[in-house]
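Only one structure is covered here, and it is reproduced in the block below.
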Protein chains: 2
Amino acid sequence: MPRTLPEPSVDSFDLTVILSALADPGRRTLMRALYDSVDPIDCAILVARVDLGLSNPTISHHYRVLREAGLTRTVADGRKRVVRVRRDDMEYRFPGLLQAVLGAPEREGGQAEAREGRM
Amino acid sequence: MPRTLPEPSVDSFDLTVILSALADPGRRTLMRALYDSVDPIDCAILVARVDLGLSNPTISHHYRVLREAGLTRTVADGRKRVVRVRRDDMEYRFPGLLQAVLGAPEREGGQAEAREGRM
DNA sequence: TCCATTCTTTGACCGTCATCGAATCATAGA
DNA sequence: TCTATGATTCGATGACGGTCAAAGAATGGA
């Protein structure tokens with residue numbers, strides 16, 4: 001029987017907590033991978049895909065931080081953990097934030113970008 | 001003679017540094033006051049207006065963090081410090097980020113907001 | 001030149017955080 | 001029931017960050 005792990009209600013989102021959660025590069029990497037996918041993803045598969053180079057306890061810690069900030073929803077089903085971004089809730093409380101944080105390149109010319117106009 | 005205090009070039013903006021800078025409530029308060037104003041503001045006047053309840057060294061520290069992240073530009077003229085948001089640079093590197101962070105209410109029903117539709 | 005004012009830097013303190021190894025827990029399968 | 005597997009918790013450690021008091025520039029005025 002799947003059970004949803006503890007998470008804050010959308011009304012109790014805290015911008016400080018959310019920005020602190022997004023301030024970590026590893027957590028942003030997880031968020032981007034989740035953000036690109038519409039469907040929920042198996043935690044283990046996601047981790048294997050992005051390869052953060054961190055230990056299992058640390059990964060688990062990061063998942064928890066994201067979930068307790070309200071950024072993700074995690075459903076435990078047996079030994080499996082399925083996670084997804086709380087898009088609607090985030091959009092309701094902080095419109096455009098996820099797109100601005102996850103959509104922009106980390107550094108100048110990071111990923112494939114438009115790169116036109118403006119000097 | 002006015003001199004601009006050291007700041008990063010727009011090409012060396014670091015999302016981790018910027019989000020960390022914005023993760024502090026006091027710094028966000030400063031940023032909002034700056035963001036609402038089009039013209040540069042005298043640091044002392046700004047601080048007096050928002051009243052963070054912090055010591056002078058701490059305020060100075062926060063100003064420095066914002067500046068070194070690339071969020072603000074500070075010009076020293078005599079004993080006066082004039083600061084403003086680097087809107088264009090931020091918009092170029094992280095479009096929509098400042099609006100998303102500074103425009104949304106900190107908590108549910110924080111400031112005067114639309115509050116319509118959506119349950 | 002000297003003093004008073006204002007901001008910054010320094011140094012220290014303390015709490016928080018990222019990280020890992022080891023131990024613990026929970027579940028699926030034999 | 002027993003065991004193997006995957007995730008979490010615990011405990012420790014090192015680093016970072018916010019804060020302030022005290023000391024140190026820098027400036028404007030007497």
Side-chain angles (χ1 to χ4, degrees), chain A residues 1-7 14-31 34 40-69 71-84, chain B residues 1-7 14-31 34 40-69 71-84:
Chain A
M1 327 47 245
R3 56 195 173 88
T4 301
L5 272 50
E7 66 183 24
D14 183 344
L15 186 53
T16 297
V17 175
I18 287 182
L19 289 178
S20 300
L22 291 173
D24 184 272
R27 286 195 291 259
R28 279 202 303 278
T29 300
L30 289 176
M31 282 298 293
L34 287 169
I41 305 185
D42 185 305
C43 280
I45 295 178
L46 177 64
V47 167
R49 186 183 306 165
V50 298
D51 185 26
L52 296 178
L54 296 174
S55 70
N56 246 340
T58 303
I59 305 270
S60 183
H61 163 70
H62 285 319
Y63 273 127
R64 180 210 272 256
V65 171
L66 291 175
R67 173 172 51 85
E68 292 183 340
L71 287 163
T72 60
R73 168 163 301 146
T74 303
V75 174
D77 186 6
R79 268 182 310 194
K80 194 157 68 172
R81 301 283 180 277
V82 179
V83 61
R84 63 190 167 98
Chain B
M1 16 327 287
R3 56 196 173 86
T4 300
L5 272 51
E7 64 182 25
D14 183 344
L15 186 52
T16 297
V17 175
I18 288 182
L19 290 179
S20 300
L22 291 173
D24 184 272
R27 287 195 289 261
R28 280 201 304 278
T29 300
L30 288 176
M31 283 297 292
L34 287 169
I41 306 186
D42 185 304
C43 281
I45 296 178
L46 177 64
V47 166
R49 185 183 308 164
V50 300
D51 185 27
L52 296 178
L54 297 174
S55 71
N56 243 342
T58 303
I59 304 272
S60 184
H61 165 69
H62 286 319
Y63 273 127
R64 180 209 270 255
V65 171
L66 291 175
R67 173 172 50 85
E68 291 183 340
L71 288 162
T72 60
R73 169 163 300 147
T74 304
V75 175
D77 186 6
R79 264 184 310 195
K80 194 156 72 172
R81 302 279 181 281
V82 179
V83 62
R84 64 190 166 99

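In what follows, chains are A, B, ... by sequence order, proteins preceding strands, each numbered from 1.
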note = Checking Ile59(A), Leu66(A), Thr58(A) against His62(A) for side-chain contact (heavy atoms from CB on, under 4.5 Å), the one that qualifies is Thr58(A)
query = Quick one: are Leu52(B) and Val47(B) in side-chain contact, heavy atoms under 4.5 Å?
reply = no
message = Are Val82(B) and Asp77(B) packed together at the side-chain level, in the sense that at least one heavy-atom pair is separated by less than 4.5 angstrom?
response = no
Atom-pair distance ([atom1] on [X]; [atom2] on [N]), nearest Å:
X	N	atom1	atom2	result
Lys80(A)	dC25(C)	NZ	P	25 Å
Arg3(A)	dT8(D)	CZ	P	9 Å
Tyr63(A)	dT19(C)	OH	P	14 Å
Leu19(B)	dG17(D)	CG	P	14 Å
Asp24(A)	dA15(D)	CG	C1'	14 Å
Leu5(B)	dA25(D)	CG	C1'	13 Å
Leu66(A)	dT8(D)	CG	P	12 Å
Leu54(B)	dC7(C)	CG	P	15 Å

Answer yes or no: does a side-chain N or O of [X] lie under 4.0 Å from OP1 or OP2 of [N]?
X	N	result
Thr58(B)	dC20(D)	yes
Arg81(A)	dT8(D)	yes
Ser60(B)	dT8(C)	yes
Arg64(A)	dT9(D)	yes

ask   = About how many Å separate CZ of Arg84(A) and CD1 of Ile41(A), when rounded to the nearest 0.5 Å?
value = 12.0 Å
ask   = Does Pro25(B) offer a backbone N or O that forms a donor-acceptor pair with the side chain of Thr29(B) under 3.5 Å?
value = yes
note = Assign each of Pro57(A) and Ser20(A) the nucleotide of DNA chain C bearing its closest heavy atom; nearer the 5' end lies the nucleotide of Ser20(A)
inquiry  = Closest-nucleotide mapping onto DNA chain C: is Val65(A) or Arg79(B) further toward the 5' terminus? I mean the 5' end.
reply    = Arg79(B)
query = Touch check for His62(A), heavy atoms < 4.0 angstrom, all strands: base, sugar-phosphate only, or nothing?
reply = sugar-phosphate
request  = Please figure out whether Ile59(B) or Arg67(A) has its closest DNA chain D nucleotide nearer the 5' end.
outcome  = Arg67(A)
inquiry  = Among dC7(C), dA7(D), dC20(D), which nucleotide has an atom closest to any side-chain atom of Asn56(B)?
reply    = dC7(C)
